[in-house]
Amino acid sequence: MSGIAEFAAVTIDCPEPPALAAFYAALTGGEITYDTPEAAAVKLPSGLDVYFQGAPGHRAPTWPEGDRPQQFHLDLYVDDLDKAEAGVAELGGSRLEFQPGGDRWRVLADPAGHPFCVCLRS
């Protein structure tokens, strides 16, 4: 190992960890590996982990501007933007109004309101 640390996971604050873990597991084909009311985890097919941490009083970011700015976002590869957007909607996510990606990517939101991008696989 040449660095100081090894990447372990991304942790996302949210109001309901089990619900958000279920959303991302279904979206990515991942597996829920931990599930309590306070925290949950999904192992992605790539082997990386995404953790979900309960945050009482959580309020979704206002994007692209506002009093609660986006602090991070996930980028996910897809083969078809329209199909991905429809699938996200079926899982309880949504399309955000501002779309800077043209025909290359779409900005969507998970059920807790976190923005993420679905990007065409090159």
Side-chain angles (χ1 to χ4, degrees):
M1 184 166 107
S2 61
I4 295 171
E6 179 181 356
F7 180 82
V10 171
T11 302
I12 299 174
D13 290 348
C14 61
E16 298 179 41
L20 208 54
F23 172 84
Y24 280 102
L27 179 66
T28 64
E31 175 187 354
I32 296 173
T33 58
Y34 184 77
D35 189 5
T36 71
E38 297 81 27
V42 172
K43 173 76 71 182
L44 301 177
S46 66
L48 296 175
D49 292 303
V50 180
Y51 300 154
F52 304 91
Q53 173 178 282
H58 176 269
R59 296 187 324 150
T62 51
W63 184 85
E65 53 192 38
D67 63 338
R68 292 182 313 279
Q70 169 185 272
Q71 297 178 357
F72 75 94
H73 75 270
L74 302 175
D75 289 333
L76 306 171
Y77 285 132
V78 299
D79 294 318
D80 184 299
L81 293 174
D82 292 331
K83 285 183 183 178
E85 183 178 333
V88 165
E90 287 177 16
L91 295 172
S94 60
R95 179 182 174 140
L96 295 180
E97 186 175 331
F98 182 60
Q99 293 293 320
D103 59 357
R104 298 174 299 162
W105 75 82
R106 300 243 173 100
V107 183
L108 307 175
D110 67 26
H114 301 106
F116 67 94
C117 294
V118 290
C119 309
L120 284 175
R121 188 180 322 273
S122 299

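Heavy-atom basis, side chains included; hydrogens, waters and symmetry copies ignored.
- Here the closest non-hydrogen pair linking P17 and T36 is CB-O, 4.4 Å.
- Using a 4.5 Å heavy-atom cutoff, the side chains of C117 and H73 are in contact.
- For D103, there are no salt bridge (Lys or Arg N to Asp or Glu O under 4.0 Å) partners at least two apart in sequence or on another chain.
- Pairs engaging residues 9-22 under the side-chain hydrogen bond (donor to acceptor under 3.5 Å, both in side chains) rule: D13-Q53 [sequence neighbours left out].
- You'll find the side chain of F116 reaches within 4.5 Å of the side chain of Y24, heavy atoms only.
- Placement of L44 and V118 within a single hydrophobic cluster is found when ILVMFWY residues are connected by side-chain heavy-atom separations under 4.5 Å, directly or transitively.
- Of all heavy-atom pairs spanning A21 and A40, the tightest one is CB-CB, 3.6 Å.
- Here the closest non-hydrogen pair linking C14 and F52 is SG-CB, 4.0 Å.
- The stretch residues 75-102 participates, sequence neighbours left out, in these ring pair (Phe, Tyr, Trp, His ring centres under 6.0 Å) pairs: W63-F98.
- Atom OG1 of T28 sits about 7.5 Å away from atom CG of L76, to the nearest 0.5 Å.
- Here the shortest heavy-atom pairing between V78 and A84 reads CG1-CB, 3.7 Å.
- Considering NZ of K83 and CD of E85, their distance stands at 14.0 Å, rounded to 0.5 Å.
- D49 contributes atom CG, which lies 3.5 Å from atom NZ of K43 (distance to the nearest 0.5 angstrom).
- Contact check for L48 versus V50: no side-chain heavy atoms found under the 4.5 Å cut-off.
- Pairing each heavy atom of A109 with each of L96, the nearest pair is CB-CD2, 3.8 Å.
- Residues V88 and R95 have side chains not in contact (no heavy-atom distance under 4.5 Å, counting atoms from C-beta outward).
- Scanning all heavy atoms of the two residues, the minimum distance from P115 to P61 falls at CD-CG, 3.8 Å.
- Not counting sequence neighbours, the partners of H58 by the ring pair (Phe, Tyr, Trp, His ring centres under 6.0 Å) test are H114.
- Applying the side chain to side chain contact (heavy atoms under 4.5 Å, CB included) test to L120 and every residue at least two apart in sequence or in another chain returns L81.
- Remark: the backbone N or O of A60 is paired with a side-chain donor or acceptor of R68 at under 3.5 angstrom.
- Following chains of ILVMFWY side-chain contacts shorter than 4.5 Å, one cannot reach V107 starting from V10, and the two form parts of different hydrophobic clusters.
- I12 CD1 to L74 CG: the interatomic distance, rounded to the nearest 0.5 Å, is 4.5 Å.
- Among residues two or more places apart in sequence or in another chain, the ring pair (Phe, Tyr, Trp, His ring centres under 6.0 Å) test is passed with W105 by none.
- Between the CG atom of D80 and the CZ atom of R121 there is a distance of 11.5 Å, given to the nearest 0.5 Å.
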